[in-house]
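Let me begin by presenting the structure, written as structure tokens, before commenting on it.
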Amino acid sequence: GMFASGHAQKKLGTAPTLMLGSVAALAQHLLCGWWVKESWQQCLMPLVAMLRGLGVAPLGAMLQRAVEDAGIAQAEFSGLRSALQSFAALVATILWSRWFSHCVHIGKPRRFHLGPAAVAGAEL
């Protein structure tokens, strides 16, 4: 997916490729939450997951353009982005752990996938 991301971006354009990656993420989580019940179905999920990588190059290109337009130095942006990613990882770990705990507590662990699906849907 990530390897093909640059090629897809050149052929389709930035926004459509980013949209395709987001739709793939949404589809993967919905399928995992509702459809996947047997091991052979689970083996098909990496194929859908590979399409999620299509959004990597367009997002990077859009961020790069925004940084250049704002006149922010690349080194400054890299530092800010790294700090934001660290903070987001910390908060996400707490939130997703709490959500999974809730899903297990009510006896429906597969419902966990609906949370990431909602986030992927919000990206669209």
Side-chain angles (χ1 to χ4, degrees):
M2 288 185 213
F3 173 75
S5 183
H7 298 295
Q9 182 182 357
K10 288 176 188 171
K11 290 192 186 266
L12 300 174
T14 301
T17 308
L18 184 60
M19 175 82 80
L20 185 59
S22 295
V23 168
L26 177 63
Q28 179 191 5
H29 289 297
L30 289 176
L31 287 171
C32 284
W34 286 325
W35 179 67
V36 175
K37 305 261 191 275
E38 298 180 24
S39 59
W40 70 270
Q41 294 167 327
Q42 205 167 20
C43 290
L44 296 176
M45 286 299 96
L47 300 173
V48 178
M50 286 191 308
L51 292 175
R52 292 180 67 176
L54 290 176
V56 174
L59 182 59
M62 290 170 69
L63 282 172
Q64 186 64 36
R65 271 188 243 129
V67 166
E68 290 171 3
D69 291 347
I72 300 172
Q74 186 62 40
E76 181 182 1
F77 172 69
S78 293
L80 292 171
R81 183 177 180 188
S82 178
L84 184 59
Q85 284 176 326
S86 296
F87 178 73
L90 177 66
V91 172
T93 300
I94 295 166
L95 292 175
W96 289 125
S97 296
R98 176 71 181 120
W99 173 242
F100 183 71
S101 173
H102 171 73
C103 293
V104 169
H105 179 72
I106 64 171
K108 298 185 180 209
R110 300 193 64 72
R111 187 175 283 180
F112 170 79
H113 291 285
L114 300 181
V119 172
E123 286 178 2
L124 294 172

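- Residues His29 and Val119 fail the side-chain proximity criterion, which asks for heavy atoms closer than 4.5 Å.
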As a quick check of understanding, evaluate side-chain contact (heavy atoms from CB on, under 4.5 Å) for Leu51 and Leu20, giving each step before the final call.
CA-CA 8 Å; Leu51 292 175; Leu20 185 59; 5.5 Å; no
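- Shown here is Glu68, whose CD atom has more than 12 heavy atoms of other residues, nucleotides or ligands within 6.0 Å.
- The stretch residues 47-66 participates, sequence neighbours left out, in no ring-ring contact (aromatic ring centres under 6.0 Å, His included) pair at all.
- The CG atom of Leu80 sits 7.0 Å away from atom CD1 of Ile72, with the distance rounded to the nearest 0.5 Å.
- Looking at heavy atoms from C-beta onward, Leu47 lies in side-chain contact with Met50 at the 4.5 angstrom threshold.
- Sequence neighbours left out, the pairs with a member in residues 37-90 that pass ring-ring contact (aromatic ring centres under 6.0 Å, His included) are Trp35-Trp40.
- Counting only residues at least two apart or on different chains, no side-chain hydrogen bond (donor to acceptor under 3.5 Å, both in side chains) pair has a member in residues 84-97.
- With sequence neighbours left out, the side chain to side chain donor-acceptor pair (under 3.5 Å) criterion links Gln41 to no other residue.
- In the hydrophobic clustering of this structure, Leu95 does not group with Phe100; members are Ile, Leu, Val, Met, Phe, Trp, Tyr whose side-chain heavy atoms approach within less than 4.5 Å, directly or through other members.
- Residue pairs meeting the side-chain hydrogen bond (donor to acceptor under 3.5 Å, both in side chains) criterion with at least one partner in residues 101-124, sequence neighbours excluded, are Ser22-Glu123.
- Annotation for Met19: hydrophobic cluster partners, listed by chain and number, are Val23, Leu26, Leu30, Trp34, Leu114, Leu124 (ILVMFWY side-chain heavy atoms under 4.5 Å, direct or chained).
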